[in-house]
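Quick note: residue numbers are just sequence positions, from 1. Only heavy atoms go into these numbers, but all of them, side chains included; no hydrogens, no water, no symmetry mates.
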Amino acid sequence: MELWSKLRNLDAYPKVNEDFYSRTLSGGLITILSSLAILLLFLSEIRLYLYSATESKLTVDTSRGERLHINFDVTFPALPCSLVAVDTMDVSGEQHYDIKHDIIKKRIDHLGNVIESRKDGVGAPKIERPLQKHGGRLDHNEVYCGSCYGSEESDDQCCNSCEEVRDAYRKKGWALTNVELIDQCKREGFVQRLKDEQGEGCNIHGFVNVNKVAGNFHFAPGKSLEQSFNFLQDLLNLQPESYNISHKINKLSFGEEFPGVVNPLDGVVWTQDNSNGLTGMYQYFVKVVPTIYTDIRGRKIHSNQFSVTEHFREAIGYPRPPPGVYFFYEFSPIKVDFTEENTSLLHFLTNICAIVGGIFTVAGIVDSFVYHGHRAIKKKMEIGKLG
């Protein structure tokens, strides 16, 4: 019995006889409000416990020799598909001109309706027997060697495309006229395509794989930056001012999508100002931040985030900048790691206890303040009446 008596003395929650309870209207209202607050916070904690939270940390990026997957979807409302080529180059010296694989072009009219969609570009059908250097047509098992039409630098030089004929003429300092008489240009159907696509626009989407080093990819005419204006003047008889690079970036991302990623260029529209009659280079300078996203199951997604600044360089001065839309990218040395984590059960129980105990205590303080304040006011009023 003495032991039980000692245990009773340790009771931190002494009980009060119900005969001494005094229930008030304000106490009832405070009880209802505090119960609602406890319920809302309890549901919030349940949600946080059931759904994962994302933790982030910064580390130094030490990866080497990886490839970068660039996804794009860009619309040029006033530029024919035949004048849009995708080129890439980087600081390691790797260059790719007029990329066609994994890219789809869609010819669109002035209202944005699709006229034609074709993989690997929009071009003319292949001619099986083109004109040979010796003047005859390509025979069976004969290796093709096209004529340079008098602009050869050596007897064994071949010009197998319209572009190579034009380059040979340029090196000689000659002007390439009567393009439609050049067999390579005629069989490639380039001039006819340009005539057919006058007044059209182009949507181009797909992806390119490049080295994970600083570089750029761009949408521009021709197969090299130095020849872009000559390409337009020789084959189209157009001035560079006619090259309208107004565009809308429907989608641009570096790597695989992951939850919560924000691509700042998605939906961006730029319209060329034709009032001064000049075109130029529209440049996007992109800072790519390597990112690893690890979901709750431990699956890792290696991707990237990026920030961007923009600049338009008018085609004035000499040398005149080649027209087009250019994306210059470089990599941050810092990598971001996002990790999905669930709240532990002990942490969840601790928060529940803190919510219940905290609100109960605060509600008790408020109730005590209201109760004693009401009694004090009521007492003064009674004294005033007696006096």
Members besides V91 in its Ile/Leu/Val/Met/Phe/Trp/Tyr cluster (side-chain heavy atoms under 4.5 Å) = V213
Any idea which heavy atoms bring N209 and H69 closest together, and the distance?
-> OD1-ND1, 3.1 Å
Distance-only donor-acceptor check, side chains N71 and S253, under 3.5 Å = yes
Kindly indicate whether the side chain of T31, heavy atoms from C-beta on, has any atom under 4.5 Å from the side chain of S35.
-> yes
Side chains of T291 and K335: do they bring a donor and an acceptor to under 3.5 Å?
-> no
Would a 4.5 Å heavy-atom cut-off, applied to side chains only, mark F327 and F285 as touching?
-> no
Test item: N263 side-chain N/O and L265 main-chain N/O as donor-acceptor pair under 3.5 Å = no
On the 0 to 90° scale, with breaks at 30° and 60°, tag the F217-Y329 ring pair as parallel, tilted or perpendicular.
-> tilted
In this structure, CZ of F312 is separated from CD of Q283 (nearest 0.5 Å) by 9.5 Å
Smallest heavy-atom separation, L68 atom then N211 atom, equals CB-O, 4.3 Å
Nearest heavy-atom neighbours spanning Q157 and A168 = NE2-CB, 4.2 Å
Heavy-atom count around K287 NZ within 6.0 Å, excluding the residue itself: above 12?
-> yes
Which is it for Y284 and Y282 under the ring pair (Phe, Tyr, Trp, His ring centres under 6.0 Å) test, yes or no, and what are the steps along the way?
-> CA-CA 7 Å; Y284 294 94; Y282 200 83; 5.0 Å; yes
T75 side chain to P77 main-chain N or O, any donor-acceptor pair under 3.5 Å?
-> no
Is the number of heavy atoms from other residues, nucleotides or ligands under 6.0 Å of R67 CZ greater than 12?
-> yes
